[in-house]
Amino acid sequence: MTPLSRRTVLRSAAIAGGAALGVSTARPAVAADTAAIAFIGATVVDGTGALPKTDQTLVVRGDRIVALGPRERTPVPRGARIVEVAGKYVIPGLFDSHAHSGEWADISPRLNIANGVTTVRELFGMPHLHEWRGRVDAGTMLGPRSVIASRIIDGPATTGGPEFLTVVTTDAEARAAVRKARKSGADFVKVYSGLPLDLYDAVADESRRIGIRFAGHCPDAVPLAHAAAAGQRSVEHLYSTSYSASTREDEIRRLIAEGGGERGDLLGWITRIHRLEWMAAGSHSPRKAARLFATLVRRGVRMVPTLVVNRVMDRPGEVDTADPRLKYLPAAVTGYWAQAFQSFFVDSRTPAEQAEWHALLDFRLEFTGAMSRAGVPILVGTDGGDVPYVFPGFGVHDELANLVEAGLSPMRALQAATVEPARFLGLDRLLGTVEQGKAADLVVLDADPLADIANTRRIHAVVTRGRLITAGERTLILADVERAAAAVDRAVPVKGGCCFRGARKG
Ligand SMILES: [Zn+2]
């Protein structure tokens, strides 16, 4: 993100916090502090990696945590609203580092908040997201804080349609797209899978020149270590990341250079990279991987594996196509989900191919675990809202479980959704941990997330910018989302998206 937008986020937080403090200091010192909320008795898993602290008192005033400590040593301001949370667990508000919020203001943003997701990184910079950010920051709309990408910049053999991405074919176009991204108010430039190496380098160079960060997919034609050296800040998904750890890398690179991709053919691309990823998995070299991971660590690259996406793509047989959470999305979305799911992940594959896909998920889980053990910071991201059966908000909890299955401890997984993305976005002064002085973005859980990561789903209450959403309010919000989803006209075409919306089936 640019320093400017980071300042904007911090400033808006400071204004909100300052305003609340202003009100309370204007009162006589003896007056009751009714603006404060005191959570009493919880175990706090603060996100720093420290051991959980039991029986804590946590005081929120305005949008900040103003006190935190053992119950017996932490005074509760007189008149504060008391929230008894003995037996409950407080964790930092969660981040989804790869979101695609749809165009309905009362759906994705609310699903995020109801799921304890208080900050999202939007990977496709549709104009309405900037408008929402203004409203959320002003306190007139319920939704997460957001960091917003540019339009997607892709190469000539792109898999997407022109509606949601900028296709560049020359060095000048690539550079112009970067400048336009900055003008549009994007926090960072998003690169995509079809960028050829020379145009990728032009995007990287122009981004550096004008001082905007870039992140996104690791393009098929760009070795991961090259992307890291070029300054790519995060790599979204595991697509094409395993080639550089293969003993058959030269052969894979030759096949990529031969191309064969046809513009807009998403299924063709998925099928093609599947063959290459299958080759890479069968010729994986732990030694090459270790070198690759060391490069990522040295360059400070973050990985956002989005295993939730792979779980659907790799194991469609295990997907619940009658998932009860479908009721929170408009039929216009779930309709294309069902269609895309069937044609992309089921009908297009032979049983033998389906078995390969199934096995690849194990490889991806191992790959992710090895990356984390090597010290590569992993971030929880979902792609929720675009990929079939990956649910906005809820998907964060699904991905947390995936990361634990990949070998991360529950603590490391939690950090991948809290302190790690906060650091990555340069927002760690404000967000990512439960500490005095930090923003009051919190999730109160009914059970211990370190004992079982599935317990992050057992949400009792959410605090977003100091606003408490109780269990009862949370139930009402979800019921509202369900109503809003049902009210969307089925015939309205869905705008935007990343891969699957409006994608050609080959
Ligand atoms: Zn995406």
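When a ligand or atom number is given, it counts from 1 through the structure's own listing order.
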Original post:
Which atom pair, heavy atoms only, marks the closest approach of A181 to S150?
Top reply: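 Nearest pair, atom of A181 first, then S150: CB-CB, 3.4 Å.
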
Original post:
Has D386 got an N/O/S atom less than 2.8 Å from the Zn ion (ligand 1)?
Top reply: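 Under 2.8 Å: D386 has no N, O or S contact with the Zn ion (ligand 1).
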
Subject >> H100 backbone or side-chain N/O/S under 2.8 Å from the Zn ion (ligand 1) >> reply: yes

Show which side-chain atoms of residues 198-206 pair as donor or acceptor with protein atoms under 3.5 Å away, not counting sequence neighbours.
residue, atom, partner, partner atom, Å
Y200, OH, Q232, OE1, 2.7
D201, OD1, H226, NE2, 2.7
D205, OD1, R208, NH2, 3.3
D205, OD2, R175, NH1, 2.9
D205, OD2, R175, NH2, 3.1
E206, OE1, R175, NH1, 2.9
E206, OE1, R209, NE, 3.2
E206, OE2, R179, NH1, 2.9
E206, OE2, R209, NE, 3.4
E206, OE2, R209, NH2, 2.7

Subject >> H98 atom (N/O/S) at minimal separation from the Zn ion (ligand 1) >> reply: NE2

**OP:** Could you pull out the atom name of the N/O/S atom in D383 that is nearest the Zn ion (ligand 1)?
**Re:** OD1

Original post:
Would a 4.5 Å heavy-atom cut-off, applied to side chains only, mark P196 and P156 as touching?
Top reply: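 In contact.
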
Original post:
Is any NZ, NE, NH1 or NH2 atom of the basic residue among R364 and E277 found under 4.0 Å from an Asp or Glu carboxylate oxygen of the other?
Top reply: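 Judged by the 4.0 Å cut-off on N to carboxylate O distance, R364 and E277 do form a salt bridge.
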
